[in-house]
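Positions are given from 1, in the same order as the sequence printed here. First listed ligand is number 1; within each ligand, the first listed atom is number 1. Reckoned from all heavy atoms, side chains included, excluding hydrogens, waters and symmetry mates.
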Amino acid sequence: MSLFSYAPAPESRSVVDIAPSYGLFIDGSFVPASSSGGVFKTVNPASEEVLAEVAAAGVEDVDLAVAAARRAFEPWSALPGAERAKYLFRIARIIQERSRELAVLESLDNGKPIKESRDVDLPLVAAHFFYYAGWADKLPYAGFGADPRPLGVAAQVIPWNFPLLMLAWKIAPALAAGNTVVLKPAETTPLSALFFADVCQQAGLPRGVVNIITGAGETGRALVEHPDVNKVAFTGSTEVGRQIARSVAGTRKRLTLELGGKAANIVFDDAPIDQAVEGIVNGIFFNQGHVCCAGSRLLVQESAYDTVLESLKRRMATLRVGDPLDKNTDIGAINSAAQLSRIRELSEIGASEGADRWSPPCELPAQGYWFAPTIFTGVTQAHRIAREEIFGPVLSVLTFRTPDEAVEKANNTPYGLSAGVWTEKGSLILAMADKLRAGVVWANTFNKFDPTSPFGGYKESGYGREGGRHGLEAYLA
Ligand code: NDP
């Protein structure tokens with residue numbers, strides 16, 4: 001029994017106004033969907049309460065949005081970079097000013113803990129707009145030739161795990177480089193993108209430069225397959241990424257894909273164990289494990305296994321699962337019923353394949369979608385939970401003896417997005433980073449993001465980089 005318990009510390013949900021219904025943001029105004037579209041509801045995954053009714057864009061609406069972006073392209077790309085920068089700086093400042101509203105909205109629609117949306121997502125969103133605003137008038141010095149040109153209309157499709165942050169990763173570099181965009185947020189998390197449309201209006205952004213069309217996968221498909229799109233940027237599952245790559249093949253469209261991952265978090269026996277355990281917990285339980293670069297495979301050196309596991313279990317027992325709006329919550333709600341059933345299914349497969357399942361005692365709320373933080377030990381490389389992306393708060397633990405074995409196991413995956421190394425030896429960190437086939441390798445830390453730093457994968461994790469100077473390349477000819 002714990003010696004004390006936390007008093008509830010709920011953030012007020014009344015700081016944000018949610019309208020009963022939303023239209024599509026096309027050509028600078030909110031409009032209802034055409035007869036080819038429809039409506040759908042978005043729910044709070046922590047309570048299953050309907051938050052709003054949202055327009056679903058049909059093919060005619062996609063046409064209208066792409067046409068609006070096309071009309072806006074010439075004047076927008078002809079603006080001096082310093083003028084485009086002013087809009088981006090303005091957007092960044094408005095996001096900072098309205099960050100409390102946005103953080104609450106993001107937690108309500110997505111289920112992530114308010115301390116994450118408030119302290120991680122929103123500051124990073126603003127930082128991305130500030131960072132790319134700074135590039136807008138320096139493109140000739142970015143290393144892409146003396147006169148790099150924008151591509152045109154960018155079709156951008158994003159997932160539900162970091163709705164506003166993924167929007168920022170996509171929209172900020174596209175606009176800085178002089179492109180116009182049509183963006184589709186995920187069906188389960190449309191609200192912060194629609195709020196962003198309001199921010200664009202507030203910033204006086206010329207109409208048509210940013211268009212937000214909501215809807216399901218069919219809307220995304222119609223958008224990326226639209227013939228008047230010059231660039232497709234997608235973040236989501238490898239399966240949908242493959243479909244998009246097929247549909248774009250043979251066209252002149254440029255494509256970047258940021259897909260799944262199955263990152264290895266590698267702990268050597270000389271690592272500072274308490275710090276490593278914090279990194280393991282952050283690596284897999286941050287954002288309920290709905291993170292493409294989550295450290296979902298823990299590789300522990302055999303000699304440190306008992307110590308790490310004991311410490312990890314003790315730490316997991318202190319994690320607080322529950323109301324995303326409570327400032328003390330560590331693990332919020334699973335984003336959707338569909339994702340919850342996928343996590344359940346893969347966890348049951350893990351147990352049936354012979355791995356040992358463990359979760360700390362924790363009471364889950366009766367209403368909403370919840371999954372207790374879980375670890376599997378005795379996992380082998382052949383187990384499905386060691387190979388497939390679970391995208392939930394589930395960690396598979398494996399062991400190794402030598403650095404070579406750790407590299408071999410870490411790279412034994414179809415993915416290659418990220419990895420973590422924990423050791424006090426700098427030389428070992430550098431040697432491992434050289435051999436790990438992952439776009440990002442963190443050393444003695446995990447899940448650190450910065451707009452100046454490129455992010456992206458190898459193999460089935462996709463291609464192209466977002467963030468940093470590299471992120472501009474995807475939007476310049
Ligand atoms: P999807 O890849 O289906 O969704 C990503 C985005 O693509 C959403 O906006 C989705 O719309 C849209 N979309 C779906 N089908 C198409 C299509 N044919 N053409 C264009 N756009 C499309 O991911 P899911 O939400 O289905 O999640 C499934 C699994 O994918 C997760 O369990 C996880 O393993 C992985 N995933 C990985 C992510 C990452 O960051 N790497 C992010 C999200 C998921 P809609 O939401 O309306 O379906």
Side-chain angles (χ1 to χ4, degrees), residues 37-38 40-43 45 54-57 59 62 109-110 112 155-163 165-167 169-170 182-193 212-226 229 232-248 253 255-263 286-294 296 334-347 369 371 384-385 387-394 414-418 439-440 447 449 455-457 459-464 466:
F40 64 96
K41 292 182 169 60
T42 184
V43 302
V54 180
V59 281
V62 173
D109 205 18
N110 169 281
K112 64 175 71 200
Q156 306 181 320
V157 177
I158 55 169
W160 41 263
N161 52 343
F162 293 93
L165 186 57
M166 292 299 103
L167 173 151
W169 281 26
K170 300 255 177 308
V182 181
L183 177 134
K184 189 198 90 70
E187 188 183 3
T188 57
T189 54
L191 295 184
S192 54
I212 307 284
I213 54 170
T214 41
E218 274 313 299
T219 306
R221 183 203 295 259
L223 174 59
V224 301
E225 291 182 1
H226 196 286
V229 153
V232 174
F234 173 77
T235 298
S237 61
T238 297
E239 190 193 332
V240 174
R242 265 199 208 102
Q243 283 173 32
I244 292 176
R246 271 197 293 271
S247 78
V248 164
K253 293 174 193 170
L255 175 65
T256 40
L257 295 174
E258 204 270 89
L259 310 174
K262 192 75 190 175
F286 172 66
N287 203 32
Q288 295 73 245
H290 300 329
V291 184
C292 48
C293 53
S296 52
I334 300 302
N335 180 251
S336 64
Q339 190 60 28
L340 179 59
S341 66
R342 182 176 159 76
I343 298 169
R344 282 188 177 144
E345 187 192 327
L346 275 164
S347 300
Y369 315 130
F371 199 86
R384 279 182 64 186
I385 51 169
R387 310 200 62 78
E388 294 179 29
E389 191 175 39
I390 302 175
F391 226 60
V394 182
Y415 296 111
L417 195 54
S418 64
V440 181
N447 272 343
F449 303 99
F455 183 91
K459 302 192 280 185
E460 291 188 16
S461 293
Y463 41 79
E466 293 187 306

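- Inclusion of L259 in the set of residues having an N or O under 3.5 Å from an N or O of ligand 1 is warranted.
- Near A186, with a cut-off below 4.0 Å to any heavy atom, the atoms of ligand 1 are 9 (O), 46 (O).
- Nearest to atom 10 (C) of ligand 1 among the protein's heavy atoms is K184 NZ, 4.0 Å.
- Using a 4.0 Å threshold on non-hydrogen atoms, atom 21 (N) of ligand 1 counts as touching the protein.
- Remark: minimum distance from atom 27 (O) of ligand 1 to any protein heavy atom is reached at W160 NE1, 4.0 Å.
- Considering backbone and side-chain atoms together, I390 places no N or O closer than 3.5 Å to any N or O of ligand 1.
- At least one heavy atom of G215 lies less than 4.0 angstrom from ligand 1.
- At a 4.0 Å cut-off, not a single heavy atom of F162 sits close enough to ligand 1 to count as contact.
- Looking only at protein heavy atoms, the nearest one to atom 46 (O) of ligand 1 is E187 N, 3.1 Å.
- The shortest heavy-atom contact between P163 and S192 is CB-OG, 3.6 Å.
- At least one N or O atom of E389, backbone or side chain, sits closer than 3.5 Å to an N or O atom of ligand 1.
- With hydrogens left out, the protein atom closest to atom 30 (O) of ligand 1 is S237 CB, 3.0 Å, a heavy atom.
- Of the protein's non-hydrogen atoms, G217 CA, 3.7 Å is the one closest to atom 13 (N) of ligand 1.
- Rounding to the nearest 0.5 angstrom, the gap separating the CG atom in L255 from the OH atom in Y463 is 4.0 Å.
- The N/O atoms of T188, backbone and side chain alike, include none that comes under 3.5 Å of an N/O atom in ligand 1.
- Here the heavy atom of the protein found nearest to atom 43 (C) of ligand 1 is P159 CB, 3.4 Å.
- Protein heavy atom in closest approach to atom 12 (C) of ligand 1: V157 CG1, 3.6 Å.
- Using a 4.0 Å threshold on non-hydrogen atoms, atom 1 (P) of ligand 1 counts as touching the protein.
- An N or O contact shorter than 3.5 Å is missing between V224 and ligand 1 by distance.
- For the residue pair P414 and R387, the shortest heavy atom distance occurs at CD-NH2, 4.2 Å.
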_Pair R221, E218 - check salt bridge (Lys or Arg N to Asp or Glu O under 4.0 Å), show working._
CA-CA 5 Å; R221 183 203 295 259; E218 274 313 299; 3.4 Å; yes
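- Atom CG of L167 sits about 5.0 Å away from atom CD1 of I158, to the nearest 0.5 Å.
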